[in-house]
Amino acid sequence: MTFAYEPHPSPVAASERDGRLVDPGFGRVFTDHMVTLRWSEGKGWHDGKVHARAPLQMDPASSVLHYAQEIFEGMKAYRLDDGTTALFRPEANARRFQDSARRMAMPELPEALFLESIERLVEIDRDWIPTIEGGSLYLRPFMIASEVFLGVKPSSEYLYMVIASSVGGYFKSGAPAVSLWATRDFTRAAPGGTGAAKCGGNYAASLAAQHDAIARGHDQVVFLDAAERRWIEELGGMNIFFVFEDGSVVTPPLTGTILPGITRDSILTLLRDEGVAVREEPYAIQQWQADAESGRLIESFACGTAAVVTPIGKVTSTEFAFTVGSGGPGQMTQRIRQRLVDIQRARAPDPHGWLKRLD
Ligand code: PLP
Ligand code: COI
């Protein structure tokens, strides 16, 4: 299957576009085109196109609007110093999209179609990649249940789409590190639930806690496990790492309640390549506080496609507040961020073949 191309009849003028790319922030500036591809029982995948980005027309009884059968991915296209473009580990996103689809009883999109949809859109809208430092094109593939039916069952029709957003940093620049709210009231995912899938419902479930965090002056929520409310899991949209004085590193294990982040996996691989002692093991919130206060723990950082590698400065809950290390970016955090970004931008050797060059 190939995607038909219907060029936008009136794309944004270059001067207007360049103005929007000066300081795009995150997730507000969108490109001219989008991808759509349909699936229905009996017919499978069909009607793939790249066309002008436009509002959707949906029946109000479309099942996604009622039962949230929806999954998505997040990945970036980079403009390299030589003017060409590249993706970072897009096959990993394709596979995770399939894993999410299975968990949500949705059809799996073949990896080749996923990759083709992304590559076509990037190729067509490549002028939307900002040239500012740290800029990229954030790609958002997603799939929704589109059957018009109010009964609760897996939909018999789906719509897969890809939109693209010109982005700078996820966080407003200025702050040296993010401040976390460790929620005691809410959990994000439970054993047997959907925590390891990238489905919209997980994010909806995180928002009451995120609301509390913002109201109390913090940036992000750190979620604890649902069973004991003791073990650190992840943030609403990022995985988490802990760095110790002895040079070792810990990150929570993939037990099914957290998202298997591609940034997380890349960092684990890079650290192991360097011979750093890394452990995927449970780490308790009380231990984090004790270790930060004793100086045994010297750095913590969050990571993800949108956030890249972001230092964690302060952690607060109803019972405690503590500062991690100096409260700003630590040495390991800065070093690992730089290593990752250098590979993504083809400024350093890519020993694992993670960069997929598009032209
Ligand atoms: N955890 C959650 C809940 C996320 O939404 C994300 C972002 O995609 C991550 C972790 C990090 O995943 P990745 O590194 O693949 O972007
Ligand atoms: C990402 O990092 O791609 C995410 O999905 C996090 C957030 C924007 C939902």
Side-chain angles (χ1 to χ4, degrees), residues 24-30 70-78 87-100 103 114 118 134 136-143 162-172 178 180 183 186-190 193-207 209-210 213 219-226 232-241 251-271 280 300-310 312 336-337 339-341 343-344 352 354:
F26 183 89
R28 292 192 192 279
V29 174
F30 296 98
E70 187 267 358
I71 57 170
F72 68 96
E73 268 305 320
M75 53 206 290
K76 284 175 171 173
Y78 303 94
L87 298 166
F88 183 71
R89 305 187 70 181
E91 308 81 11
N93 294 96
R95 285 195 288 272
R96 191 169 64 187
F97 199 62
Q98 293 179 332
D99 295 342
S100 298
R103 178 61 185 87
F114 180 96
I118 300 292
S136 61
L137 192 63
Y138 182 78
L139 297 151
R140 173 52 63 85
F142 62 115
M143 180 171 23
V162 189
I163 54 173
S165 175
S166 312
V167 302
Y170 187 72
F171 295 103
K172 287 188 198 75
V178 291
L180 301 187
T183 180
F186 301 107
T187 58
R188 176 185 173 278
T194 58
K198 208 158 163 63
C199 63
N202 288 343
Y203 299 79
S206 77
L207 294 179
Q210 182 64 27
D219 301 302
Q220 286 285 314
V221 176
V222 55
F223 286 98
L224 304 180
D225 76 290
I232 300 162
E233 296 222 306
E234 61 175 333
L235 315 194
M238 288 151 237
N239 293 117
I240 189 165
F241 279 79
T251 194
L254 302 179
T255 56
T257 55
I258 68 172
L259 194 78
I262 295 160
T263 317
R264 173 189 181 281
D265 182 74
S266 306
I267 290 172
L268 284 173
T269 303
L270 292 175
L271 290 174
E280 294 173 71
S300 304
F301 61 84
C303 67
T305 298
V308 194
V309 172
T310 298
I312 294 166
I336 202 72
R337 182 191 162 92
R339 276 210 68 193
L340 186 68
V341 167
I343 295 174
Q344 290 169 338
H352 300 280
W354 285 338

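Heads up: numbering here begins at 1 and tracks the sequence. Basis for what follows: all heavy atoms, side chains included, without hydrogens, waters or symmetry-related copies. Both ligands and their constituent atoms are indexed starting at 1 by order of listing.
The ring-ring contact (aromatic ring centres under 6.0 Å, His included) test applied to Phe97 returns Phe114, Tyr160, not counting sequence neighbours. Considering only residues two or more places apart in sequence or on other chains, Phe142 meets the ring-ring contact (aromatic ring centres under 6.0 Å, His included) condition with none of them.
No salt bridge links Arg264 with Glu234; every basic N to acidic carboxylate O contact stays at or beyond 4.0 Å.
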Practice item. Mind running side chain to side chain contact (heavy atoms under 4.5 Å, CB included) on Arg96 and Leu259 for me, showing each step along the way? Key: CA-CA 10 Å; Arg96 191 169 64 187; Leu259 194 78; 3.5 Å; yes
Point to revise | Test log, rule side chain to side chain contact (heavy atoms under 4.5 Å, CB included), inputs Leu139 and Lys76 | key: CA-CA 6 Å; Leu139 297 151; Lys76 284 175 171 173; over 6 Å; no
Short N or O separations between ligand 1 and the protein, below 3.5 Å:
unit_1, atom_1, unit_2, atom_2, d
ligand 1, 1 (N), Glu234, OE1, 2.6
ligand 1, 5 (O), Lys198, NZ, 3.1
ligand 1, 5 (O), Tyr203, OH, 2.5
ligand 1, 8 (O), Lys198, NZ, 2.8
ligand 1, 14 (O), Ile262, N, 3.2
ligand 1, 14 (O), Thr263, N, 2.8
ligand 1, 14 (O), Thr263, OG1, 2.5
ligand 1, 15 (O), Arg96, NH1, 2.8
ligand 1, 15 (O), Arg96, NH2, 3.1
ligand 1, 15 (O), Ile262, N, 2.8
ligand 1, 16 (O), Thr305, N, 2.8
ligand 1, 16 (O), Thr305, OG1, 2.6

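Nearest approach of Ile312 to Ala302, heavy atoms of both residues: CD1-N, 3.9 Å.
Ligand 2 lies under 4.0 Å from heavy atoms of Phe72, Gly74, Tyr138, Arg140, Tyr170, Lys198, Tyr203, Gly237, Thr305, Ala306.
Under the 3.5 Å distance criterion, with hydrogens and angles disregarded, no donor-acceptor pair is assigned to the side chains of Thr251 and Glu280. Using modelled atom types, one finds a donor on one side chain and an acceptor on the other under 3.5 Å when comparing Ser266 with Arg89.
Side-chain atoms of Gln210 never come within 3.5 Å of backbone atoms of Tyr203 as a donor-acceptor pair (strictly under, hydrogens ignored).
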